[in-house]
Amino acid sequence: MLFRPDLAALAATLEALVIACRTAEVVPVLHLVDNGDAHLPLGFAFPPGWRVVWHRGQGNVGFGRGHNLALHAMGEYHLILNPDLELAPDALVQALAFMAAHPDCGLLAPAARWSDGRLQYLCKRMPSLLDLFVRGFVPARLRKPFARRLARYEMQDLVNAHDVLWSPPIVSGCCMLFRRQVLHALGGFDPRFFLYFEDFDLSLRAGRITRIAYVPQVRVVHHGGHAARKGWHHIRLFGASARIFFQIHGWRWW
């Protein structure tokens with residue numbers, strides 16, 4: 001899903017996707033959902049044989065509702081990929097091999113790292129309001145009293161760069177590989193979420209009907225995150241979606 005993306009970052013995402021698909025000998029149908037400008041000057045040359053489907057003109061309908069425009073896409077797998085994320089060259093090889101070996105897995109989450117190589121903890125336990133506030137808005141220098149709490153929320157006791165983790169309650173929507181029939185059974189993202197927490201909700205619902213696996217052999221670099229650093233508009237969106245999330249899944253204050 002695109003909304004006025006950084007064109008250089010988007011080009012890097014697409015270049016990495018092309019390499020990963022070529023390595024896995026996959027020719028995808030690529031759906032690009034543009035929630036911003038109707039004529040995004042992409043200027044990217046896709047490989048021969050790729051089918052690229054643009055979804056334009058719907059306006060900014062939100063992250064989840066935008067993704068759902070491509071929910072009808074056919075194929076055995078459905079990859080949700082942010083435009084600020086780069087797949088490793090062997091990411092799809094590893095992911096498809098894992099899914100083939102584990103037919104009970106309906107949703108795969110990769111190991112993500114920051115640009116500097118640090119591991120991102122994108123698997124989560126069910127959050128409380130305090131967890132979200134501290135992680136999103138308290139400066140790093142003031143988080144020490146909450147370190148153990150945040151480490152537990154981010155599943156740092158179980159997540160590493162080597163071991164597969166089964167059934168994390170929540171995985172990040174920046175990169176999700178679904179079996180198509182599972183995503184269809186879920187009805188995609190809940191359109192009540194405009195931005196933020198739609199992946200939390202989708203993960204929790206997915207965990208009720210299939211197995212979720214964090215597979216560190218599937219590697220990506222993720223450049224996004226940090227709602228609080230994006231200004232008051234994003235903070236308001238974050239708060240509104242948090243309220244919807246807790247209304248659906250139950251309030252946890254502490």
Side-chain angles (χ1 to χ4, degrees), residues 1-3 5 10 13-36 38 40 42 44-110 171-193 198-199 201-213 215 218 220:
M1 200 283 291
L2 309 173
F3 180 75
L10 176 57
T13 296
L14 294 173
E15 288 169 4
L17 177 63
V18 168
I19 293 170
C21 288
R22 185 180 298 133
T23 305
E25 299 182 349
V26 169
V27 179
V29 177
L30 177 63
H31 288 255
L32 293 170
V33 180
D34 185 3
N35 274 2
L40 182 69
L42 186 57
F44 186 86
F46 292 97
W50 280 41
R51 182 183 170 202
V52 180
V53 181
W54 281 94
H55 300 269
R56 288 169 162 154
Q58 69 275 357
N60 189 6
V61 296
F63 183 93
R65 192 186 295 269
H67 271 291
N68 288 350
L69 294 174
L71 188 62
H72 66 280
M74 302 303 291
E76 186 176 357
Y77 299 105
H78 190 119
L79 176 65
I80 296 168
L81 187 67
N82 269 18
D84 58 1
L85 185 142
E86 298 166 37
L87 297 170
D90 69 341
L92 292 181
V93 171
Q94 296 285 350
L96 295 175
F98 184 90
M99 296 295 263
H102 300 89
D104 56 338
C105 179
L107 169 57
L108 182 150
V171 297
S172 173
C174 68
C175 185
M176 291 173 151
L177 180 65
F178 273 98
R179 293 190 191 276
R180 181 179 60 86
Q181 65 267 31
V182 171
L183 186 59
H184 280 208
L186 294 168
F189 290 100
D190 188 327
R192 287 176 289 181
F193 297 92
E198 62 282 298
D199 51 350
D201 170 78
L202 187 60
S203 297
L204 290 171
R205 289 191 288 121
R208 297 171 190 154
I209 67 170
T210 191
R211 297 191 77 191
I212 302 173
V215 183
V218 181
V220 304

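One-based numbering along the sequence shown.
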**Prompt:** Parallel, tilted or perpendicular for F98 and H102, by the 30°/60° rule?
**Reply:** parallel
**Asked** Do you know which two heavy atoms are closest between C21 and W50, and how far apart they sit?
**Response** CB-CZ2, 3.8 Å
**Asked** Got a donor-acceptor contact below 3.5 angstrom from the D199 side chain to the C174 backbone?
**Response** no
**Message:** Quick one, L87 and C175 - any side-chain contact, counting heavy atoms below 4.5 Å?
**Reply:** yes
**Fill in**
Residues G187 and N68: closest non-hydrogen pair is O-ND2, 4.1 Å
**Fill in**
Contacts satisfying side-chain hydrogen bond (donor to acceptor under 3.5 Å, both in side chains) that involve residues 172-184 (not counting sequence neighbours) are Y77-R179
**Item:** H72 and H31 aromatic centres sub-6.0 Å
**Value:** yes
**Asked** Are R205 and D190 close enough, and set up right, to give a side chain to side chain contact (heavy atoms under 4.5 Å, CB included), and what steps lead you there?
**Response** CA-CA 10 Å; R205 289 191 288 121; D190 188 327; 4.2 Å; yes
**Prompt:** Are L42 and L32 close enough that some pair of their side-chain heavy atoms sits under 4.5 Å apart?
**Reply:** yes
**Request:** Take L30 and L14, measure what side chain to side chain contact (heavy atoms under 4.5 Å, CB included) needs, and give me the verdict at the end.
**Result:** CA-CA 10 Å; L30 177 63; L14 294 173; 4.1 Å; yes
**Distance, nearest 0.5 Å, that separates CZ of R22 from CG of L17** = 10.5 Å
**Message:** Which heavy atom of A70 sits nearest to which heavy atom of H78, and what is that distance?
**Reply:** O-CE1, 3.4 Å
**Message:** Can you confirm whether V18 sits close enough to F44 that some side-chain heavy atom of one is under 4.5 Å from a side-chain heavy atom of the other?
**Reply:** yes
**Asked** Just by modelled atom types, is the V171 backbone N or O under 3.5 Å from a matching donor or acceptor in the S203 side chain?
**Response** yes
**Message:** Once rounded to the nearest 0.5 Å, what's the spacing between atom CG of N60 and atom CG of D34?
**Reply:** 9.5 Å
**Message:** Can you tell me how far apart CG (L81) and CG (L177) are? Round to the nearest 0.5 Å.
**Reply:** 10.5 Å
**Message:** Once rounded to the nearest 0.5 Å, what's the spacing between atom CG of L85 and atom CG of L10?
**Reply:** 12.0 Å
**Request:** Would you name the heavy atoms of G66 and V61 that are closest together and state the gap between them?
**Result:** N-CG2, 3.7 Å
**Prompt:** For the residue pair L202 and M176, what are the closest heavy atoms and their distance?
**Reply:** CD2-SD, 4.2 Å
**Asked** Where is the tightest heavy-atom contact between A24 and L92, given as atom of each residue plus distance?
**Response** CB-CB, 3.9 Å
**Pairwise side-chain contact, N35 with F63, heavy-atom cut-off 4.5 Å (strictly under)** = no
**Asked** Which pairs, with at least one residue in residues 61-74 and sequence neighbours excluded, count as a salt bridge (charged side-chain N to carboxylate O under 4.0 Å, His left out)?
**Response** none
**Prompt:** Between atom CG of L69 and atom CH2 of W54, what is the distance when rounded to the nearest 0.5 Å?
**Reply:** 13.5 Å
**Asked** Quick one: CG on L108 to CG on L79, what's the gap to the nearest 0.5 Å?
**Response** 10.0 Å
